[in-house]
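Worksheet: the structure to be examined is printed underneath.
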Amino acid sequence: MPQMIINGRKTDAISGQMLDVISPVDGAVFTQIPRGGEADVDLAVKAARIAAEGPWKEFTALERGRILVKLSNLILENAEELSQLEARDTGKAISSARNDIQVMARYFEFYGTAADKVHGEVVPFLNGYGVQVIREPLGVTAHIIPWNYPAQMVGRSVAPALAMGNACVVKPAEDACLSVIRVAELGLEAGLPSGVFNVVTGLGEEAGAALSAHEDINFVTFTGSNEVGVLVQKAAAEHAVKCVLELGGKSAHVVFNDVNTKLAVPAIVKGILANAGQTCTAGSRLLIQRDIFNEFIDLVVDEFSKTRVGTPEMDLHCGPLINKSQFDRVNRYLEKGKKDGLKILAQGQIDPGVPETGYYVTPTLFVADNHDSDLLMQEIFGPVLVALAFDTEEQAVQLANITDYGLMAAVWSENGGIQQRVAKEMKCGQVYINGFGAGGGVELPFGGVKRSGHGREKGLVALEEMSTTKTIIHYHG
Ligand code: NAD
């Protein structure tokens, strides 16, 4: 049975209570995890504090980096076991899970090799003064992780925090946390001192709420829903704790009439179906210039109709959704689309061999004739793509920016002027030109604007987010 990792030891919840973990593949309980609560979180934060101010502080940047690189290698050595855990827990196709584990390893490699490249500054100042700006860890960092990409998210969040010398307390999602526990175990094997990488499992409203409200954390990073993100930020604000939020998205593809269809069509279809649409950056809106709308959408329909949904072992385009509530929510949106008068242009197929009790939904491509529907304004978090025509560049930009979200966008055009102008006008954190998604994007600064959140992860900028500066001003005459 999976256990939490607190202060370097595998442990059950103090209460002794467990939570059932349901498999999305067939809706059956397949394991149990400890139901950690306030007291467990408190133990983990205390262990992290002692580590951050004790043994971990003595490690040089080079030594921290080497441990992270060793952890990356251990992840690669155990990649198949981790991939199987991830696929079983989340329901995703086994090849996607394998890819996620490679990306997780890459995070620890990237930040491990960057740890000793973070330099301070010497600032010119008044005569007689020397000024150094040095980087320091924040202390105890809290990481609240969602269920859609547990392995990638823990790598993205924990690797830069550890590289900068922080000690972490991770609260993974109750729906999918097995790979997170396993990587913390591997962290100990790689040489992380006890208390540096803690994992407390449990319910969001119990363990997650206790962690974000804990008075002795110095930073919290949260990925998940807007509603909970706001709660986490409020709780952190009670103790003036810095917060990075990575919330939802409603990313738009903007397709101009000179599009390279060979590049665009497969990327657009993959961009919504990856992880069954349960991706914050999912390209869920397809804006197409009116004069090519019919010919372009026909190509998308062809590609979309080939989509197959199945179990992880079937290794098809999509797996099931994570749980019953997500399944009900996506089905409600499908009904709403029909009620709002949107027309279904194409659907994928669920493999007849999947268990009837699993959470499989049919990938669906709608077309709308205006942008008013909830299906175009709200994050669905499922394999649902909605297409809409636009006339001018100006209108395309206005529609792309119309939602409350601002995470990612894509511009499809061969015209350099359009590419640059539209990319610059997009209100979001990342814009692709003639592409969408590229590997894990570990090296690329990432995050949202508007209701998609604030703060940045990935890339070298995460090292700044997860550390602070100290300015030393020396008057030497
Ligand atoms: P959620 O926000 O409820 O859960 C995300 C994480 O927060 C989990 O670890 C959960 O245990 C924790 N949590 C829940 N309540 C908490 C609380 N009160 N205090 C602190 N932590 C808490 O997300 P969900 O219910 O699993 O999914 C709902 C919606 O969230 C999805 O439909 C989707 O729109 C969005 N979502 C977005 C992302 C993303 O990558 N941006 C990921 C997952 C979910």
Side-chain angles (χ1 to χ4, degrees), residues 146-148 223-231 245-255 268-269 271-288 290 293 297 300-301 304 307 309 318 320-348 359-390 395-410 426-429 436 448-453:
W147 41 257
N148 52 350
T223 302
S225 62
N226 285 62
E227 301 73 27
V228 177
V230 170
L231 291 178
L245 296 182
E246 205 272 89
L247 310 175
K250 193 71 191 171
S251 303
H253 291 278
V254 186
V255 179
I268 288 168
V269 173
I272 184 62
L273 297 180
N275 216 35
Q278 301 169 117
T279 306
C280 47
T281 52
S284 53
R285 294 183 296 146
L286 177 53
L287 309 176
I288 307 168
R290 198 176 302 278
F293 189 91
I297 203 73
V300 178
V301 165
F304 201 95
T307 313
V309 183
C318 286
L321 299 185
I322 188 73
N323 56 28
K324 174 83 166 62
S325 103
Q326 194 64 19
F327 175 79
D328 290 343
R329 174 191 155 104
V330 174
N331 279 312
R332 275 198 304 276
Y333 274 110
L334 291 174
E335 285 312 307
K336 178 91 176 53
K338 291 181 217 157
K339 222 190 278 168
D340 286 355
L342 276 67
K343 199 167 133 213
I344 293 180
L345 288 184
Q347 288 196 301
Y359 306 124
Y360 304 87
V361 297
T362 306
T364 303
L365 168 63
F366 284 100
V367 62
D369 50 23
N370 62 57
H371 204 289
D372 294 344
S373 168
D374 285 351
L375 271 75
L376 276 157
M377 294 301 285
Q378 294 172 11
E379 185 181 45
I380 299 174
F381 233 57
V384 182
L385 177 62
V386 187
L388 179 71
F390 70 86
Q395 192 195 7
V397 167
Q398 185 256 334
L399 289 173
N401 289 335
I402 204 171
T403 73
D404 288 340
Y405 293 105
L407 201 52
M408 198 188 264
M426 290 291 117
K427 291 189 173 27
C428 58
F436 196 73
V449 301
K450 302 197 282 182
R451 295 282 163 82
S452 288

May I ask you to decide if [Y]'s main-chain N or O and [X]'s side chain share a donor-acceptor pair within less than 3.5 Å?
X      : Y      : value
Thr364 : Thr362 : yes
Ser251 : Ala409 : no
Asn226 : Arg451 : yes
Asn148 : Asn275 : no
Lys250 : Glu379 : no

Using every non-hydrogen atom in the two residues, find where [X] and [Y] come nearest and quote the distance to one decimal.
X      : Y      : answer
Pro383 : Val330 : CD-CG1, 4.5 Å
Val309 : Val361 : CG2-O, 3.9 Å
Asn370 : Leu388 : N-CD1, 3.5 Å
Leu376 : His371 : O-CE1, 3.3 Å
Ala368 : Val386 : CB-CG1, 4.0 Å
Leu407 : Ser452 : N-OG, 3.6 Å

Atom [atom1] in [X], atom [atom2] in [Y]: separation rounded to 0.5 Å?
X      : Y      : atom1 : atom2 : result
Gln326 : Leu321 : CD    : CG    : 6.0 Å
Asp404 : Leu247 : CG    : CG    : 11.5 Å
Leu286 : Phe366 : CG    : CZ    : 14.0 Å
Gln398 : Leu287 : CD    : CG    : 10.0 Å
Thr403 : Arg285 : OG1   : CZ    : 4.5 Å
Ile322 : Tyr359 : CD1   : OH    : 10.0 Å

Is there side-chain contact between [X] and [Y], with at least one heavy-atom pair below 4.5 Å?
X      : Y      : result
Tyr405 : Lys450 : no
Leu385 : Ile268 : yes
Gln347 : Leu365 : no
Leu342 : Ser373 : yes
Val367 : Ile297 : no

**OP:** Quick one: sort the Phe381 and Trp147 rings into parallel, tilted or perpendicular, breaks at 30° and 60°.
**Re:** perpendicular
**OP:** For Val300 and Val269, run side chain to side chain contact (heavy atoms under 4.5 Å, CB included): C-alpha distance rounded to whole Å, both residues' side-chain angles, the deciding distance at 0.1 Å, then the answer.
**Re:** CA-CA 7 Å; Val300 178; Val269 173; 4.1 Å; yes
Original post:
In terms of heavy-atom contacts, does NZ of Lys427 have more than 12 from other residues, nucleotides or ligands at under 6.0 Å?
Top reply: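 It does not: Lys427 NZ has 12 such atoms or fewer within range.
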Original post:
Any Lys/Arg nitrogen of Glu335 or Arg332 sitting under 4.0 Å from an Asp/Glu carboxylate oxygen of the other?
Top reply: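 Looking at Glu335 and Arg332, the cut-off is not met.
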